[in-house]
Amino acid sequence: MRKSKLLKGQIYTMLFHAQDIAAQINNWEFIELWVDAIVFPPRILMLVSNKQGNSCIYDPAANYKPIFSSSTYNEAHSWLLEDEYERVDGRLLAEEIV
């Protein structure tokens, strides 16, 4: 499948409007977007990893409801791969926004 690119501003806008993750605004390290392109419209999930290494997956279509949480990035990454999600090219780092 062809991987999509998403502008950093779009990712930041998604983070800014996410009520459930507003508490992480000063603690996140990076964000990745993952897509299930098999369904239409494609389902997009957002993986947020914090400075302590914990990761949580949010569903933007469900008011940013957390759907999976783990103590490591690798666990969250594996969960997404099991459900055949593909990572959108790139990763938004907190330090790039400041």
Side-chain angles (χ1 to χ4, degrees):
M1 271 184 221
R2 198 177 96 217
K3 293 194 176 184
S4 303
K5 289 191 177 186
L6 195 63
L7 298 174
K8 290 179 183 177
Q10 290 173 307
I11 296 172
Y12 180 71
T13 300
M14 290 175 71
L15 175 66
F16 182 78
H17 292 292
Q19 295 175 359
D20 290 339
I21 58 176
Q24 295 186 34
I25 199 75
N26 293 319
N27 191 38
W28 65 282
E29 185 176 9
F30 64 85
I31 297 172
E32 294 177 349
L33 293 184
W34 290 73
V35 63
D36 179 356
I38 294 173
V39 297
F40 186 82
R43 184 172 184 203
I44 297 173
L45 298 178
M46 185 169 65
L47 186 152
V48 178
S49 186
N50 67 24
K51 294 176 183 175
Q52 290 76 34
N54 301 317
S55 292
C56 192
I57 299 170
Y58 297 92
D59 185 350
N63 200 27
Y64 294 90
K65 175 184 170 191
I67 58 173
F68 183 82
S69 183
S70 68
S71 60
T72 67
Y73 169 80
N74 287 337
E75 288 175 9
H77 181 262
S78 294
W79 186 87
L80 289 160
L81 289 177
E82 280 179 21
D83 286 347
E84 298 184 7
Y85 280 84
E86 293 185 24
R87 192 176 97 178
V88 176
D89 289 341
R91 175 185 278 182
L92 179 63
L93 302 174
E95 61 194 37
E96 293 176 339
I97 300 298
V98 179

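- Closest heavy-atom contact between N50 and Q52: OD1-N, 2.9 Å.
- Annotation: side chain to side chain donor-acceptor pair (under 3.5 Å) contacts of W79 (sequence neighbours excluded): none.
- Distance check, rounded to the nearest 0.5 Å: OG of S49 to CG of N27 gives 9.5 Å.
- Atom CZ of residue R91 and atom CD1 of residue I31 lie 11.0 Å apart, to the nearest 0.5 angstrom.
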- Task: Quick one: do F30 and E96 satisfy side-chain contact (heavy atoms from CB on, under 4.5 Å)? Show the steps, please.
- Result: CA-CA 10 Å; F30 64 85; E96 293 176 339; over 6 Å; no
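- For the 3.5 Å distance criterion, the side chains of E29 and Y73 fail to qualify, holding no donor opposite an acceptor.
- Rounding to the nearest 0.5 Å places CG of N54 at 7.5 Å from OG of S70.
- When all heavy atoms of M46 and P60 are compared, the pair lying nearest together is N-CD, 4.3 Å.
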- I would like to know whether D59 and R43 meet side-chain contact (heavy atoms from CB on, under 4.5 Å); could you show each step before the answer? CA-CA 9 Å; D59 185 350; R43 184 172 184 203; 2.9 Å; yes
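- The CG atom of L80 lies 6.0 Å from the CG atom of L45; values are rounded to the nearest 0.5 Å.
- W34 CH2 to D83 CG: the interatomic distance, rounded to the nearest 0.5 Å, is 11.0 Å.
- L92 approaches W28 most closely through the heavy-atom pair O-CZ3, 3.5 Å.
- The only option from I38, I44, D36 that meets the side-chain contact (heavy atoms from CB on, under 4.5 Å) definition with Y85 turns out to be D36.
- The side chain to side chain contact (heavy atoms under 4.5 Å, CB included) check on E82 picks up nothing, with sequence neighbours excluded.
- Considering all non-hydrogen atoms of both residues, A76 and I57 come closest at O-CD1, 3.8 Å.
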